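Along the sequence shown, residues are numbered consecutively beginning with 1. Values in this document were obtained by computation on a predicted structure and should not be read as measured data.
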Amino acid sequence: AEAANQGMTNPVPSCPGWYIATLVAHIGEVQRFWALQVGTRAQEPQALPREAFDLCPGLYQWLDGVDAGTPGLDAIPAGLVDWFRGATIELVSAFESVEPDEAIWHWSGDNRAITHMRNQAMEATVHCWDAQNAHGSTTPIDREIAYDGINQHFEVQIPAARNQGKPIKGGGETFHFHSTDGEGEWLVRFDGDDVTVTEEHAKAQIAVRGSIEQIFLWLWGRISADGLEVYGDRSLLERYRQLVPTS
């Protein structure tokens, strides 16, 4: 919200085709959607009602232009940031009403409230960074969040990407990720349709070293590898995106 208040029309480099206004609308919609699932203990996905958008006059119509590829930067709804803030309050309130192990539908198949809490912590962290980066200045990411975000990438995102995207089959590729600012080492191996991840120090075809924040942001597709230490076959960096497609 603070980044958005610095300017809503800045392009968001880490989300090609988006502007800060569209990013704010996205995270607000995401948070209201998951607040609904959590608050109702949904056992299957519930559609977000039109009334959720009407809380910000003009937003529903404006989003039609966003979906059509014409975001209307000269007609951004005046209450968009406040609508997003309200979404955050809704989400936190929903989380406060449930126990971590309560059963609630989640796209990953891990249907527990804690899964939603974990995923939304990552969603908010990454999109906060996106918005700040669009203005050229980011604040440090909490190390515990970044560390868990790396594990979530391996535990949740890789299976989802390989099940829902169009990945290539693994050919025995090995990747070693090593934090340079504290605990954190992972060995990732791709064999056919199988992916194994272990937390260990080991040799691999490519080693990627950097701060825990840098590794997190690279795995989540936010930064290039230019600021990381890379040893071994650099062509495997591009191949990783084919093994773990983002769309």
Side-chain angles (χ1 to χ4, degrees), residues 1-2 4 15 23-56 59 63 80-131 139-165 183-184 186 188 195-199 212-213 215-217 219-222 244 246-247:
E2 291 173 1
C15 301
L23 176 63
V24 173
H26 165 75
I27 188 66
E29 183 175 359
V30 164
Q31 290 186 340
R32 288 183 189 275
F33 175 81
W34 289 111
L36 174 64
Q37 314 311 309
V38 173
T40 61
R41 278 62 166 180
Q43 298 304 297
E44 58 184 30
Q46 305 296 308
L48 193 61
R50 167 72 184 268
E51 291 75 17
F53 300 94
D54 289 342
L55 294 169
C56 178
L59 176 59
L63 285 172
L80 182 55
V81 175
D82 287 339
W83 182 79
F84 156 68
R85 289 184 185 276
T88 302
I89 292 170
E90 276 192 31
L91 184 64
V92 172
S93 296
F95 284 150
E96 289 175 342
S97 74
V98 297
E99 296 298 322
D101 287 332
E102 283 194 61
I104 301 167
W105 167 82
H106 191 266
W107 55 264
S108 69
D110 186 352
N111 301 313
R112 298 176 298 152
I114 191 65
T115 304
H116 295 264
M117 298 175 188
R118 183 189 197 193
N119 195 66
Q120 289 307 303
M122 302 308 155
E123 183 94 9
T125 297
V126 168
H127 285 323
C128 178
W129 186 92
D130 289 330
T139 55
I141 294 174
D142 181 271
R143 192 179 199 282
E144 184 176 0
I145 292 287
Y147 189 97
D148 193 50
I150 293 169
N151 282 323
Q152 193 202 39
H153 171 82
F154 295 139
E155 296 166 9
V156 180
Q157 287 185 327
I158 285 181
R162 291 187 64 78
N163 287 332
Q164 300 169 15
E183 179 185 1
W186 297 265
V188 186
V195 183
T196 57
V197 182
T198 54
E199 294 193 46
I212 205 78
E213 176 177 319
I215 295 173
F216 169 62
L217 291 172
L219 288 172
W220 283 66
R222 261 49 196 184
V244 187
T246 56
S247 61

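Note that OH of Y147 and CD1 of I212 are 6.5 Å apart. Values are rounded to the nearest 0.5 Å. In this structure, CD1 on I150 lies 8.0 Å from CZ on F216, to the nearest 0.5 angstrom. In this structure, CG in L48 is found 8.5 Å from CD in Q37, a value given to the nearest 0.5 Å. Interatomic distance, CZ of R32 versus CD of E90, reported as 4.5 Å (0.5 Å rounding).
Remark: D54 engages R50 in a salt bridge (charged side-chain N to carboxylate O under 4.0 Å, His left out) (not counting sequence neighbours). Residues passing the salt bridge (charged side-chain N to carboxylate O under 4.0 Å, His left out) test with E155, sequence neighbours excluded: R118. Considering only residues two or more places apart in sequence or on other chains, E102 meets the salt bridge (charged side-chain N to carboxylate O under 4.0 Å, His left out) condition with R41. For W129, the ring pair (Phe, Tyr, Trp, His ring centres under 6.0 Å) criterion is met by no residue, not counting sequence neighbours. Residues passing the side-chain hydrogen bond (donor to acceptor under 3.5 Å, both in side chains) test with H106, sequence neighbours excluded: S108. Under the ring pair (Phe, Tyr, Trp, His ring centres under 6.0 Å) criterion, H127 pairs with H26, not counting sequence neighbours.
For N163 (side chain) and P159 (main-chain N/O), a donor-acceptor pair under 3.5 Å exists by modelled atom type. Looking at T125, its side chain does come within 3.5 Å of a backbone N or O of A121 through a donor-acceptor pair. Of the possible donor and acceptor atoms, one in the side chain of H116 sits under 3.5 Å from a partner among the backbone N and O of W105. Distance alone, capped at 3.5 Å, places no donor-acceptor pair between the Q46 side chain and the A42 backbone. Under a 3.5 Å cut-off, the side chain of Q120 and the backbone N or O of V92 do not form any donor-acceptor pair.
Judged by distance alone, the side chains of N119 and W34 never bring a donor and an acceptor atom under 3.5 Å apart.
Using a 4.5 Å cut-off on side-chain heavy atoms (C-beta onward), L217 and I141 make contact. Looking at M122 and W220, their side chains come closer than 4.5 Å, going by heavy atoms from C-beta outward. Taking the side chain as every heavy atom from C-beta outward, L219 and F154 approach each other to under 4.5 Å. Side-chain contact between V156 and D110 is absent, with no heavy-atom pair separated by less than 4.5 Å. Counting only heavy atoms from C-beta outward, the side chains of R85 and V81 approach each other to under 4.5 Å. Side-chain contact between V195 and V188 is present, with at least one heavy-atom pair separated by less than 4.5 Å. Counting only heavy atoms from C-beta outward, the side chains of E213 and P140 approach each other to under 4.5 Å. Looking at heavy atoms from C-beta onward, V98 lies in side-chain contact with V38 at the 4.5 angstrom threshold.
Closest non-hydrogen pair, L36 versus P49, comes out as CD2-CD, 4.2 Å. For the residue pair A94 and A35, the shortest heavy atom distance occurs at CB-O, 3.7 Å. Shown here for W83 and A52, the closest heavy-atom pair between the two residues is NE1-O, 2.8 Å. Closest non-hydrogen pair, F84 versus V24, comes out as CB-CG1, 3.7 Å.
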